[in-house]
Every structure is written in structure tokens, then in C-alpha cells.
Amino acid sequence: DREILAAQRERLLVRYRDEEARLTGPFSDAWDGGGPAEHARLLAELKDGLATLAYLKTVIDDLGAVLDGDQETHVAHRRH
């Protein structure tokens, strides 16, 4: 189970980095080169991208807490 959660966390980290790169790379270039109509479309896309990043960060942090908590519990249990 721990291995499955760790693998899921890694996949989400990849998605997070990909979305972050998209927003800071191609998205920024499109914004810089776009006019008002393009900015309106891109603004909606930016909101979606930021919401995706927030969601992914929450899930990644939660998985990290579970995985770190499992490790601490396991270590504490082994000391007894």
C-alpha cells in the first residue's frame, strides 16, 4: 500500500511540475504576444491552471503527510 501511495505521489509531482512549466513557459509567451481578446481567453486558462496547481499541491501534501506518518509510526513501533 505504501508503495502505491508513493507512486501516486510521484505521478502527481510530475503533473504539478508539468502544469507549472506550462504556466511559466508557453502560457507566458502566449500572454506576452497576445492582444486583449487573447488575454481574456488566457485569463480563464490561467485560473484553471492555478486551481489545478492548488489541488495537486493539496493532494501531494496529504499523501506526503500519510507517507511520513506511516514511516514515523513504523519507526516508533520498532523501538518498542
### Task
Please examine the side chains of D62 and T58, heavy atoms only from C-beta on, and report whether any two atoms are closer than 4.5 Å.
yes
### Message
Please determine whether the number of non-hydrogen atoms from other residues, nucleotides or ligands lying under 6.0 Å from atom CG of D1 exceeds 12.
### Response
no
### Qualifying salt bridge (Lys or Arg N to Asp or Glu O under 4.0 Å) pairs with a residue from residues 8-20, counting only residues at least two apart or across chains
E19-R22
### Message
L42: which residues meet the side-chain contact (heavy atoms from CB on, under 4.5 Å) condition with it, sequence neighbours left out?
### Response
F27, A30, W31, E38, E45
### Task
Answer with yes or no whether the hydrophobic clustering places V14 together with L56; edges join I, L, V, M, F, W, Y residues whose side-chain heavy atoms lie under 4.5 Å apart.
no
## Note on the structure
In short, S28 meets L23 closest at the heavy-atom pair OG-O, 3.2 Å
### Task
Could I get the full list of side-chain hydrogen bond (donor to acceptor under 3.5 Å, both in side chains) partners for D61, not counting sequence neighbours?
K57
### Query
Which heavy atom of P26 sits nearest a heavy atom of A21, and at what distance?
CD-O, 3.6 Å
